[in-house]
Protein chains: 2
Amino acid sequence: MTAKTAPARAGRADLTRERVIATSIALLNERGPDRVTTAQIAASANINEGNLYYYFKTKRALILCIFDRFEDEVVQFFDKDIGEAAAPDTYMGFLREWFDIVWRYRFLHRDLVGLLAMAPDLRRRVRAISTHARAPVVRLIEQMRRARLIDIPERELDALLANAWIIATYWVVYLDVQKGVRVLRKSHMEWGLRQIASLVAPYLSTSARDWLATV
Amino acid sequence: MTAKTAPARAGRADLTRERVIATSIALLNERGPDRVTTAQIAASANINEGNLYYYFKTKRALILCIFDRFEDEVVQFFDKDIGEAAAPDTYMGFLREWFDIVWRYRFLHRDLVGLLAMAPDLRRRVRAISTHARAPVVRLIEQMRRARLIDIPERELDALLANAWIIATYWVVYLDVQKGVRVLRKSHMEWGLRQIASLVAPYLSTSARDWLATV
DNA sequence: GTCTATACCAAGATAGAC
DNA sequence: GTCTATCTTGGTATAGAC
């Protein structure tokens, strides 16, 4: 919410700062917070370790700054207006976008335990995000209902949402950790989309299911 | 496979060793490998830190020993014969047992990245486990089919299995990390079971679904 | 804003007495 | 088998010159 996003017009300092952040995200995703040292970050950003501390007083501060960015992206994503007359593939587009965010910040999900130990306050913020996410998703389902794309009994909705949330956030972790995937290729993305689709499939109208089969 | 399981007749040394292992599992589940020190383990097992190294030459060896135990339990679980005339709640019993294992060793799933960095060979073994798991699960589904409990198209099976696997392994992580659950109560367990059940529900026969509603 | 040099400390591990 | 004492390393962070 209160995050500093990338500056519009960047001076030299801003550029360095951005380079540090970008390079840190890459390293953190690759090896996780506990296996990335400040020395490695500095080296990877082509600056001296001492200089790194000019930009971020602590390693913790750097990681929190990255979390801010993630939070910003997520809030923006969910607050975006979906528009009423959505075609089926609009929904796919959203999912794709979501996977992309989760992938780019996957260490946040994968290594959350460690991060929580470092900054307990993150628990609150992580929870806030999944709470925040619920309304737009429910709205989206309502919309699909009105468009006669889906038909799901009220009492099964909660369980479906929880499952969808777990798959949608842990799918990339699963790819990363269990499958050893290093780069998120289009094929992986499609695979994840199909997983979610298969979750929802039983509740889709025949027309929507036919459409799905063509994707 | 080659793990040393708890000795049948335990001498003093064995008892100490077991205490170290049990206490380590507790600590590792609570805080994760990187936030548990050998000093804490020793203290928690009521022995001196030096003594700890008599039992395990390195921290790594200790953790690998725990992985051995997990592996043993999993293999035993999956190799167990299911028996043909299984009632619906037999399947629930299996799921329960599985959740229990995953919960007791949840740090292995939750902190796998770090563990893989420590012992790359684990990747092979983890993969072997999920490969090993497939056959029994497919057999189980076949059995449910014959008992007319389930009806699922062949081409939807793979996606369902993958989703079930993700939910079944990451459910406890989700509880732990996102919900802040510290002790796996019966209510959480039931919740997880319902999640899996809701995944399978669309494919169940009406009789099986009726049975499910009574649980 | 960037560097060099260095302090500091926590954690894993060893030696060797008992 | 268990303890005390100690070594070693590597990683975070600071001081201060340029």
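Each chain gets a letter, A, B and so on, in the order its sequence line appears, and its residues count up from 1. The basis for the numbers below is simple: all heavy atoms, side chains too, and nothing from hydrogens, waters or symmetry mates.
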Do [X] and [Y] sit within salt-bridge range, that is, some charged N less than 4.0 Å from a carboxylate O?
X	Y	answer
Asp100(A)	Arg104(A)	yes
Glu30(B)	Arg182(B)	no
Arg69(A)	Asp72(A)	no

Would you mind telling me which of [options] lies closest to the side-chain atoms of [X]?
X	options	value
Tyr55(B)	dA13(D), dG1(D), dA13(C)	dG1(D)
Ala13(A)	dG1(C), dG1(D), dA13(D)	dG1(C)
Lys59(A)	dA13(C), dG1(D), dT12(D)	dT12(D)
Tyr53(A)	dT2(D), dA13(D), dG12(C)	dA13(D)

Gap between atoms [atom1] and [atom2], on [X] and [N] respectively (whole Å):
X	N	atom1	atom2	value
Leu62(A)	dG11(D)	CG	C1'	15 Å
Arg17(A)	dG1(C)	CZ	P	11 Å
Asp34(B)	dG11(D)	CG	C1'	13 Å
Lys57(A)	dA15(D)	NZ	P	14 Å
Ile63(B)	dG12(C)	CD1	P	9 Å
Arg31(B)	dA11(C)	CZ	C1'	14 Å
Ile47(B)	dC18(C)	CD1	P	21 Å
Ile41(A)	dT2(C)	CD1	P	16 Å

(message) Check the phosphate of dA11(C) against Thr38(B), side-chain N and O only, distance under 4.0 Å to OP1 or OP2. Yes or no?
(response)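 Checking Thr38(B) against dA11(C): no side-chain N or O falls below 4.0 Å of OP1 or OP2.
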
(message) Strictly below 4.0 Å: does Tyr54(B) bring a side-chain N or O up to OP1 or OP2 of dT2(D)?
(response) no

(message) Are the side chains of Ile41(B) and Leu52(B) in contact, using a 4.5 Å heavy-atom criterion?
(response)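 In contact.
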
(message) On DNA chain C, does the nearest nucleotide to Arg60(B) precede the nearest nucleotide to Thr16(A) from the 5' side, or the other way round? Give the residue.
(response)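 Closer to the 5' end of DNA chain C: Thr16(A).
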
Please enumerate all protein N or O atoms sitting under 3.5 Å from an N or O of nucleotides 4-6 of chain D, with distances to 0.1 Å.
| from | atom 1 | to | atom 2 | distance (Å) |
| --- | --- | --- | --- | --- |
| dT4(D) | OP2 | Asn48(B) | ND2 | 2.7 |

(request) Could you grab the distance from atom CZ of Phe99(B) to atom CD of Glu190(B), nearest 0.5 Å is fine? (result)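 With rounding to 0.5 Å, CZ (Phe99(B)) is 10.5 Å from CD (Glu190(B)).
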
(message) Under the criterion salt bridge (Lys or Arg N to Asp or Glu O under 4.0 Å), I'd like the reasoning laid out for Arg145(B) against Glu154(B): C-alpha separation, chi angles, the key distance, then a yes or no.
(response) CA-CA 12 Å; Arg145(B) 253 188 195 141; Glu154(B) 200 57 38; 3.5 Å; yes

(request) Note the angle between the end axes of the helix from dG1(C)-dC18(D) to dC18(C)-dG1(D), five pairs defining each, rounded to 10 degrees. (result) 0°

(request) Look at the aromatic rings of Phe78(B) and Trp98(B) and report parallel, tilted or perpendicular, splitting at 30° and 60°. (result) tilted

(message) Are there over 12 heavy-atom neighbours, none belonging to Arg155(A), within less than 6.0 Å of that residue's CZ?
(response) no

(message) Do Gln178(A) and Ser130(B) pair up side chain to side chain, a donor and an acceptor below 3.5 Å, judged on atom types alone?
(response) no

(request) Could you verify whether a donor N or O on one side chain and an acceptor N or O on the other, from Thr38(A) and Glu49(A), lie under 3.5 Å apart? (result)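 Side chains of Thr38(A) and Glu49(A): pair found under 3.5 Å.
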
